[in-house]
J.: 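This is the structure I want to talk about, given as structure tokens.
Lettering follows sequence order; numbering is per chain, from 1.
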2 protein chains.
Amino acid sequence: MVVETNLSDAEVDRIFRALADATRRDIVERVLTGEQSVSALADRYDMSFAAVQKHVAVLERAGLVTKQNRGRERLVRGNPDAIRRVQALLDRYERLWRARIDRLDALLAEPEPPSPPAPGQE
Amino acid sequence: MVVETNLSDAEVDRIFRALADATRRDIVERVLTGEQSVSALADRYDMSFAAVQKHVAVLERAGLVTKQNRGRERLVRGNPDAIRRVQALLDRYERLWRARIDRLDALLAEPEPPSPPAPGQE
DNA sequence: TTAACGTACAACCAAATGGTTGTAGAAACT
DNA sequence: AGTTTCTACAACCATTTGGTTGTACGTTAA
């Protein structure tokens with residue numbers, strides 16, 4: 001499965017920043033397990049309703065959660081696409097590192113010492 | 001391959017916060033591809049040396065890069081372990097979401113309509 | 001209709017962030 | 001020795017962040 005990675009720097013900024021807070025990560029876990037209203041979420045944390053509301057807003061701006069109106073409630077649910085996009089980013093980082101290790105391994109396997117060889121004139 | 005996930009909230013905070021900046025993500029890419037001195041990195045960005053130095057310090061505190069002394073230079077290199085740990089975190093999130101989808105699918109597959117059944121008194 | 005609930009939003013505050021300049025020290029070059 | 005290079009770090013500043021309280025409004029319940 002190929003995941004789209006067309007994310008601007010600012011979008012990636014918002015996603016990582018949103019995940020850089022334990023309360024927000026906990027909210028993401030809860031609403032991935034099952035959707036919950038903002039006040040149901042707020043009951044679980046030792047802070048004001050408005051503070052939790054702000055955290056949800058940060059997650060929403062980052063695209064990590066969506067809100068849906070039901071009566072007077074706002075149901076918050078997780079957005080798995082955003083999570084996959086971040087995973088794709090980190091996969092890319094790991095591939096870059098792996099390519100570097102492979103290059104170093106190739107160098108170590110060479111019989112030649114670190115003399116710059118001016119290649120193509122063997 | 002099983003990746004250790006014994007990270008405190010504060011450590012995860014630092015990792016995500018470190019990645020929530022385009023300059024720092026670019027630095028991570030560069031030093032994963034190959035180690036570079038701080039001043040070599042600073043030449044590539046339109047900001048002061050001290051600013052780049054701060055960015056490297058943020059990455060180092062998050063464990064995403066390490067620094068090694070070579071003469072008067074500090075060689076910065078990426079730490080792939082940290083990247084794998086974040087991937088493991090996101091994998092966990094995605095598994096949570098998948099479990100939720102499976103549950104919803106199971107509900108939809110049930111023949112019963114959404115009548116709250118007062119279970120055990122059929 | 002009135003009261004209670006769930007939410008939105010503004011105003012405010014302390015602390016952290018991301019940048020700057022300046023000073024200073026250790027290592028390398030002439 | 002003197003100078004340049006690379007780094008470290010302090011001080012400062014504007015903006016953002018993460019929390020608070022208070023007010024207002026739509027929705028549900030009595």
J.: Roughly, in whole Å, what's the span from CG in Asp21(A) to C1' in dT16(D)?
T.: 14 Å

J.: Indicate yes or no: does Glu94(B) engage Arg98(B) in a salt bridge with an N to O separation below 4.0 Å.
T.: yes

J.: Write down the distance between CZ (Arg74(A)) and C1' (dC9(C)), rounded to a whole number of angstrom.
T.: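 Computing the Arg74(A):CZ to dC9(C):C1' distance gives 13 Å.
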
J.: Counting side-chain heavy atoms from C-beta on, which of dG26(D), dA28(C), dA8(C) comes nearest to Gln53(A)?
T.: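 Selected nucleotide: dA8(C).
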
J.: How would you list all residue pairs meeting side-chain hydrogen bond (donor to acceptor under 3.5 Å, both in side chains) that involve residues 34-43 of chain A, not counting sequence neighbours?
T.: Glu35(A)-Arg77(A), Ser37(A)-Ser39(A)

J.: For His55(B) and dG19(C), is the shortest distance between a side-chain N/O and OP1 or OP2 below 4.0 Å?
T.: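 For dG19(C), OP1/OP2 do have a side-chain N/O of His55(B) under 4.0 Å.
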
J.: Just call it for Ser39(B): base, sugar-phosphate, or nothing, with non-hydrogen atoms closer than 4.0 Å on any strand.
T.: sugar-phosphate

J.: I'd like to know if the side chain of Arg24(B) reaches the main chain of Ala18(B), judged simply by a donor and an acceptor atom lying under 3.5 Å from each other, with no hydrogens or angles considered.
T.: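 A pair under 3.5 Å: yes.
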
J.: Contact class for Thr23(A) (heavy atom, under 4.0 Å): base, sugar-phosphate, or nothing?
T.: nothing

J.: Return the value, rounded to whole Å, for the distance between atom CE of Met47(B) and atom C1' of dG18(C).
T.: 9 Å

J.: Quick one: does Arg17(B)'s side chain have a donor or acceptor within less than 3.5 Å of a partner on Ala20(A)'s backbone?
T.: no

J.: Is the shortest side-chain N/O distance from Ser48(B) to OP1 or OP2 of dT20(C) below 4.0 Å?
T.: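 Yes, because at least one side-chain N or O of Ser48(B) sits under 4.0 Å from OP1 or OP2 of dT20(C).
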
J.: When you measure from the side chain of Asp9(B) to the backbone of Ala22(A), do you find a donor-acceptor pair of N or O atoms at a distance under 3.5 Å?
T.: no

J.: Indicate, with a heavy-atom threshold strictly under 4.0 Å, whether Arg70(A) touches base, sugar-phosphate, or nothing.
T.: nothing

J.: Nearest whole Å is fine: how far is dA24(C) C1' from Phe49(B) CZ?
T.: 13 Å

J.: Answer yes or no: does a side-chain N or O of Arg72(A) lie under 4.0 Å from OP1 or OP2 of dC25(D)?
T.: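 Checking Arg72(A) against dC25(D): no side-chain N or O falls below 4.0 Å of OP1 or OP2.
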
J.: Could you check Asn69(A) against Arg17(A) and say which one's nearest nucleotide on DNA chain C is further toward the 5' end?
T.: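 Closest to the 5' end, via its nearest nucleotide, is Asn69(A).
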
J.: Round to a whole Å and report the spacing from CD1 of Ile27(A) to C1' of dG18(D).
T.: 12 Å

J.: Rounded off to whole Å, could you give me the CD-to-P distance for the Glu73(A) and dC5(C) pair?
T.: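 Atom CD in Glu73(A) sits about 13 Å away from atom P in dC5(C).
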
J.: OP1, OP2 of dC6(D) versus side-chain N and O of Lys67(B): anything below 4.0 Å?
T.: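 Checking dC6(D) against Lys67(B), no side-chain N or O comes under 4.0 Å of OP1 or OP2.
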
J.: How many Å lie between CG on Leu41(B) and P on dT5(D), as a whole number?
T.: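 Atom-to-atom, Leu41(B) to dT5(D), this comes out as 18 Å.
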
J.: Is any side-chain N or O of Arg14(B) closer than 4.0 Å to OP1 or OP2 of dT17(C)?
T.: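 Indeed not, no polar side-chain atom of Arg14(B) lies that close.
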
J.: Rounded to whole Å, please give me the gap between NZ in Lys54(A) and P in dT7(C).
T.: 17 Å

